[in-house]
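Hydrogens, waters and symmetry mates are skipped; everything else that's a heavy atom, side chains included, is used.
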Protein chains: 2
Amino acid sequence: MKSDEMDAVFAALASEPRRRILDILKKEPGCNVSRVCGFFDIGRIAVMKHLAALESANLVVSEKAGRERRLWFNPVPIHMIYDRWTTEFSDYWAGRLARMKYRLENAPVPLARAKGGARG
Amino acid sequence: MKSDEMDAVFAALASEPRRRILDILKKEPGCNVSRVCGFFDIGRIAVMKHLAALESANLVVSEKAGRERRLWFNPVPIHMIYDRWTTEFSDYWAGRLARMKYRLENAPVPLARAKGGARG
DNA sequence: CCGATATGTCACCTTCCGGTGACTTATAAG
DNA sequence: CTTATAAGTCACCGGAAGGTGACATATCGG
């Protein structure tokens, strides 16, 4: 997966309405654009732009059926990221994570550990 | 994990320079801002803005040590998303994925099945 | 103190994003 | 044909993102 493809996927996911669209398409696979619009207060053009972002990230695929466009959620890009994370962060997931969580969540800005005690 | 926290995490990850910063901090935990800047062609202010985005997503934590600011990668938000995906997409990961991959990767825009075949 | 280094802050610019309305095209239905 | 519906395209606007330089602040070293 190339870097700009990752950009597109993460950017697409970085928006609550777009994540919601994915939920809708999971529940109603093959529904059309108007149907998706029905779940939102924003206008149709805005929804179509969100769909365009999702399609360019390959998180949504569509096919034209008559005058409608039918939409499906595509889990493949998310699965690829998931797989990558499995290997990329396996060290952290096992054991090292506990220490990090201690360091990071309990001691946000603990000034104390400056340099070698060279304080003056 | 709240929705706007997700927004922040995904938005932070939707940028190659910011993902690269995470890689740097994994390899050099505790390094300072200038050190990170050394890996980039863009200016220091731009790097600091990227760091601010990462910190606001809680993907990076820092502590002030003298005149320096030391930086660490925080895997916790990624781990939370990973865990969520495990449950959220487990249906797709198992079996249903194969069918989707067929449908989606071999037939990107298969206009052919529009009206004739009544999809299912 | 004084100079050098590391970082923080501010104003500014350009580009992209998310939203809008107006209009066009394509299909369905009569 | 006509009319209604689904979708696509275009221009526009406000605000946020990503970059810059100039300047301010804090710390280290002598």
Side-chain angles (χ1 to χ4, degrees), chain A residues 3-4 7-21 25 28 30-57 60-72 109 111-120, chain B residues 3-4 7-21 25 28 30-57 59-72 109 111-116 118:
Chain A
S3 191
D4 43 344
D7 284 12
V9 174
F10 284 125
L13 293 173
S15 155
E16 193 275 338
R18 286 195 289 263
R19 290 194 300 271
R20 190 138 51 102
I21 289 178
L25 297 185
E28 307 198 15
C31 75
N32 63 21
V33 177
S34 298
R35 176 76 179 141
V36 174
C37 289
F39 290 90
F40 290 90
D41 289 334
I42 61 178
R44 180 179 59 92
I45 296 93
V47 171
M48 286 181 62
K49 287 190 180 181
H50 284 307
L51 286 170
L54 288 165
E55 285 209 57
S56 85
V60 163
V61 291
S62 68
E63 72 186 22
K64 198 78 173 171
R67 66 178 162 180
E68 306 181 0
R69 195 166 121 234
R70 314 198 57 190
L71 304 161
W72 286 269
V109 186
L111 268 296
R113 67 201 309 292
K115 275 198 178 155
R119 180 68 47 83
Chain B
S3 190
D4 44 343
D7 284 12
V9 174
F10 283 125
L13 293 173
S15 156
E16 193 275 337
R18 285 195 288 264
R19 290 193 300 271
R20 191 138 50 101
I21 288 177
L25 297 185
E28 307 198 16
C31 75
N32 63 21
V33 177
S34 299
R35 176 78 179 141
V36 174
C37 289
F39 290 90
F40 291 90
D41 288 334
I42 61 179
R44 180 180 59 92
I45 296 94
V47 172
M48 286 180 63
K49 287 189 180 182
H50 285 307
L51 285 170
L54 289 164
E55 284 208 59
S56 85
L59 286 164
V60 163
V61 290
S62 67
E63 71 184 22
K64 198 79 174 171
R67 66 180 161 180
E68 306 181 1
R69 196 166 119 235
R70 313 195 57 189
L71 304 161
W72 286 268
V109 186
L111 266 291
R113 62 209 320 294
K115 28 178 130 172

Q: Considering non-hydrogen atoms only, spot the tightest contact between A:Arg18 and A:Ala11 and give its length.
A: NH2-O, 2.9 Å
Q: Round to a whole Å and report the spacing from CE of A:Met48 to C1' of D:dA11.
A: 16 Å
**Q.** Non-hydrogen atoms of A:Gly30 and A:Arg70 that approach each other most closely
**A.** O-NE, 2.8 Å
Q.
On a heavy-atom basis, which atom in A:Ser3 and which in B:Glu16 lie closest, and how many Å separate them?
A. OG-CG, 2.9 Å
Q) Does B:Leu13 offer a backbone N or O that forms a donor-acceptor pair with the side chain of B:Arg19 under 3.5 Å? A) yes
Q: Grab the two heavy atoms, one from A:Ala12 and one from A:Leu54, that are nearest each other, plus how far apart they are.
A: CB-CD2, 4.0 Å
Q | Base D:dA7 paired with A:Arg44 side chain (donor-acceptor, <3.5 Å) | A | yes
Polar atom pairs between nucleotides 15-19 of chain D and protein, under 3.5 Å, N or O only, would you list them?
{"unit_1": "D:dG18", "atom_1": "OP1", "unit_2": "B:Arg18", "atom_2": "NH1", "d": "3.4"}
{"unit_1": "D:dG18", "atom_1": "OP1", "unit_2": "B:Arg18", "atom_2": "NH2", "d": "3.2"}
{"unit_1": "D:dG18", "atom_1": "OP2", "unit_2": "B:Arg18", "atom_2": "NH1", "d": "3.2"}
{"unit_1": "D:dG19", "atom_1": "OP2", "unit_2": "B:His50", "atom_2": "NE2", "d": "2.4"}
{"unit_1": "D:dG19", "atom_1": "N7", "unit_2": "B:Lys49", "atom_2": "NZ", "d": "3.1"}
{"unit_1": "D:dG19", "atom_1": "O6", "unit_2": "B:Lys49", "atom_2": "NZ", "d": "2.5"}

**Q.** Atom-to-atom span, CG of A:Leu54 to P of C:dC17 - whole angstrom
**A.** 13 Å
Report, one pair per line, the protein and nucleotides 2-5 of chain C atoms (nitrogen or oxygen only) whose separation is under 3.5 Å.
{"unit_1": "C:dT5", "atom_1": "O2", "unit_2": "B:Arg67", "atom_2": "NH1", "d": "3.1"}

For residues 33-49 of chain A, dump all side-chain donor-acceptor pairs below 3.5 Å to protein atoms at least two apart in sequence or in another chain.
{"unit_1": "A:Arg35", "atom_1": "NE", "unit_2": "A:Glu28", "atom_2": "OE1", "d": "2.7"}
{"unit_1": "A:Arg35", "atom_1": "NH2", "unit_2": "A:Glu28", "atom_2": "OE1", "d": "3.3"}
{"unit_1": "A:Arg35", "atom_1": "NH2", "unit_2": "A:Glu28", "atom_2": "OE2", "d": "2.7"}

Q) Where is the tightest heavy-atom contact between B:Ala8 and B:Ser56, given as atom of each residue plus distance? A) CB-O, 4.3 Å
(Q) Distance check needed: D:dG29 P versus B:Glu68 CD, whole Å only. (A) 10 Å
Q. Is any side-chain nitrogen or oxygen of B:Arg69 closer than 4.0 Å to OP1 or OP2 of C:dG8?
A. yes
**Q.** Length of the line joining B:Asn32:CG and D:dT27:C1', which is rounded to integer Å
**A.** 13 Å
Q: Could you check how far CZ of A:Arg70 sits from P of D:dA6, rounded to whole Å?
A: 14 Å
Q. A:Lys64 NZ to D:dA6 P: how many Å, rounded?
A. 12 Å
Q: In whole angstrom, give the distance that lies between atom CZ of B:Arg35 and atom C1' of C:dT7.
A: 17 Å
Q: Sort out for me which residue in A:Asn32, A:Leu25, A:Ile21 forms a side chain to side chain contact (heavy atoms under 4.5 Å, CB included) with A:Leu71.
A: A:Leu25
Q) How close or far is atom C1' of C:dT20 from atom CZ of A:Phe40, stated in whole angstroms? A) 17 Å
